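These figures come from a predicted structure and were not determined experimentally.
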Amino acid sequence: LKSSPLKASLPWMTYNAIFFLNNLLKGNENVFETGCGGSTIFYLERVQSLLSIEHETSWLEKLKRDRRMLKYSKKWECDRKDLHLEKSNNADESPYLDVLKELPDNSFSLGSIDGRLRSQSLINSANKIISGGHLLLDNSDRKEYSEGMKYLNNIGWEEKTLNGLGYAQEWESYSCVWKKP
């Protein structure tokens, strides 16, 4: 329990979210995530393919050097993008979000939002998820993510809250998952 989430191959989210994901994933899913780390290895051990979007170069390089990543190279794609354009702080013009916008619609079973620009990531991801698929948001108790959460609720997605203690956390945290109709 004292290992980092990366070393333990676990997402840094609530145990309830980890249990939910462990039961949901059967090995044939195409998944994307924003933010890399322990969740990356967790997903790679359980899915058919994973696309990771990361903004932090040094963190991504550390993950790529992890010896466990070698066996997953055929099913893992990672895209490192800056959060903002050099002359703009506008999230709508973010290269990071452009990756999500360019993904094919209705092609992913799960999207895991645990990186930056989370509210906008939820909104941009909705069309990428297949019917019956899921979008997960970690730290869903943060008010700055409410726009994206309201968006999913307003378009009729079924929401489930997965709060409680989490791996490597000594405080209660929140994750939410939505199921696309």
Side-chain angles (χ1 to χ4, degrees), residues 1 3-54 59-60 62-64 66-79 99-100 102-116 118 121-141 145 148-149 152-153 155-169 173-181:
L1 292 176
S3 297
S4 72
L6 179 60
K7 189 171 183 180
S9 305
L10 288 172
W12 194 17
M13 50 182 75
T14 68
Y15 286 118
N16 287 330
I18 295 168
F19 295 144
F20 175 86
L21 291 168
N22 195 55
N23 289 325
L24 177 72
L25 301 172
K26 305 298 181 202
N28 60 346
E29 297 87 4
N30 295 319
V31 174
F32 70 84
E33 68 173 343
T34 63
C36 295
S39 60
T40 305
I41 297 170
F42 176 87
Y43 289 130
L44 286 169
E45 290 173 342
R46 291 165 176 79
V47 302
Q48 179 176 306
S49 69
L50 176 67
L51 167 66
S52 302
I53 305 164
E54 177 60 51
W59 179 246
L60 182 57
K62 178 179 180 174
L63 181 61
K64 286 180 176 179
D66 189 297
R67 62 178 171 70
R68 296 169 292 178
M69 297 309 291
L70 290 174
K71 67 180 174 180
Y72 299 121
S73 62
K74 290 188 180 357
K75 64 179 187 174
W76 183 49
E77 181 182 344
C78 191
D79 207 338
V99 176
L100 291 174
E102 294 167 4
L103 294 176
D105 289 350
N106 302 306
S107 56
F108 291 89
S109 303
L110 173 68
S112 179
I113 309 300
D114 196 15
R116 299 294 174 97
R118 292 184 198 188
S121 293
L122 283 173
I123 294 167
N124 290 329
S125 298
N127 290 335
K128 311 311 175 184
I129 303 298
I130 62 172
S131 180
H134 296 83
L135 265 174
L136 178 126
L137 172 66
D138 192 33
N139 307 115
S140 59
D141 54 317
Y145 307 148
M149 295 172 68
L152 293 177
N153 291 331
I155 61 172
W157 288 42
E158 180 185 334
E159 178 184 355
K160 182 176 185 170
T161 301
L162 303 165
N163 63 318
L165 293 176
Y167 184 78
Q169 299 173 335
S173 188
Y174 293 81
S175 298
C176 280
V177 65
W178 288 265
K179 184 175 183 179
K180 185 175 184 175

4.5 Å side-chain heavy-atom contact, F19 and L162:
no

Assess whether atom NZ of K75 is packed by more than 12 heavy atoms of other residues, nucleotides or ligands within 6.0 Å.
yes

By ring pair (Phe, Tyr, Trp, His ring centres under 6.0 Å) - contacts of F20 (at least two apart)
H134

Heavy-atom distance under 4.5 Å between the side chains of L63 and W76, does that happen here?
yes

Does the R118 side chain pair with the main chain of S140, one donor and one acceptor, at a distance under 3.5 Å?
no

What heavy-atom pair brings S175 and D138 nearest, and what distance separates the two atoms?
OG-OD1, 2.8 Å

Side chains of M13 and L136 in contact at under 4.5 Å (non-hydrogen atoms):
yes

Looking only at side-chain N and O atoms, does N16 offer a donor or acceptor that is under 3.5 Å from a partner on K160?
no

Roughly how far apart are N30 CG and S49 OG, rounded to 0.5 Å?
3.5 Å

Salt bridge (Lys or Arg N to Asp or Glu O under 4.0 Å) partners for D66, two or more places apart:
R68

Can you list the residues that meet the side chain to side chain donor-acceptor pair (under 3.5 Å) rule with S125, with sequence neighbours excluded?
none

Separation of L122 CG from I113 CD1 (nearest 0.5 Å)
5.5 Å

Sequence neighbours excluded, which residues qualify as ring pair (Phe, Tyr, Trp, His ring centres under 6.0 Å) partners of F32?
F108

Mind listing the closest non-hydrogen atom pair of M69 and T40 along with its distance?
CE-CG2, 4.0 Å

Holding to side chain to side chain donor-acceptor pair (under 3.5 Å), I want the full list of residues that pass it with T14, two or more places apart in sequence or in another chain.
none

Checking E159 against L137 for the side-chain contact (heavy atoms from CB on, under 4.5 Å) test, could you report, in this order, the C-alpha distance in whole Å, the side-chain angles of both residues, the deciding distance, and whether it holds?
CA-CA 11 Å; E159 178 184 355; L137 172 66; over 6 Å; no

Under the side chain to side chain donor-acceptor pair (under 3.5 Å) test, residues paired with D79 that sit two or more places apart
none

I'd like to know if the side chain of E102 and the backbone of L100 have a donor-acceptor N/O pair within less than 3.5 Å.
no

How close do Y167 and A8 get, heavy atom to heavy atom, and via which atoms?
OH-CB, 3.4 Å

Would you say N153 and W178 make side-chain contact, with heavy atoms under 4.5 Å?
yes

What residues form a side chain to side chain contact (heavy atoms under 4.5 Å, CB included) with I130, not counting sequence neighbours?
S109

Is there a side-chain contact (heavy atoms from CB on, under 4.5 Å) between L50 and E33? Walk through the geometry before answering.
CA-CA 8 Å; L50 176 67; E33 68 173 343; 3.7 Å; yes

Can you tell me how far apart CD1 (I53) and OG (S121) are? Round to the nearest 0.5 Å.
7.0 Å

Spacing of S173 atom OG and N139 atom CG [to the nearest 0.5 Å]
4.5 Å

Within a 6.0 Å radius of atom CH2 on W157, are there more than 12 heavy atoms belonging to other residues, nucleotides or ligands?
yes

Would a distance-only check, ignoring hydrogens and angles, find a side-chain to backbone donor-acceptor pair under 3.5 Å from T34 to D114?
yes

Minimal heavy-atom distance between P11 and I18, with the atoms involved, is O-CD1, 3.5 Å

I'd like to know whether NZ of K26 has more than 12 heavy-atom contacts from other residues, nucleotides or ligands below 6.0 angstrom.
yes

Report the residues that fulfil side chain to side chain contact (heavy atoms under 4.5 Å, CB included) with N22, sequence neighbours left out, ordered by chain and then residue number.
F42, R46

Name of the residue among L110, V177, I129 meeting side-chain contact (heavy atoms from CB on, under 4.5 Å) with L135
I129

For K71, enumerate each residue passing the side chain to side chain contact (heavy atoms under 4.5 Å, CB included) test, keeping only those at least two apart in sequence or located in another chain.
none

Of all heavy-atom pairs linking E54 and C36, the shortest is OE1-N, 2.9 Å

Applying side chain to side chain contact (heavy atoms under 4.5 Å, CB included), can you list everything that pairs with R116, at least two apart in sequence or on another chain?
H55, L83, Y96

Give me the atom names and distance for the closest heavy-atom approach of I41 to S9.
CG2-OG, 3.3 Å

Pairs satisfying salt bridge (Lys or Arg N to Asp or Glu O under 4.0 Å), at least one member in residues 128-137, at least two apart
D105-K128

Please round to the nearest 0.5 Å and tell me the distance separating atom CG of L51 and atom SG of C78.
7.5 Å

Tell me every residue that passes side chain to side chain donor-acceptor pair (under 3.5 Å) with Q48, counting only those two or more places apart in sequence or in another chain.
none

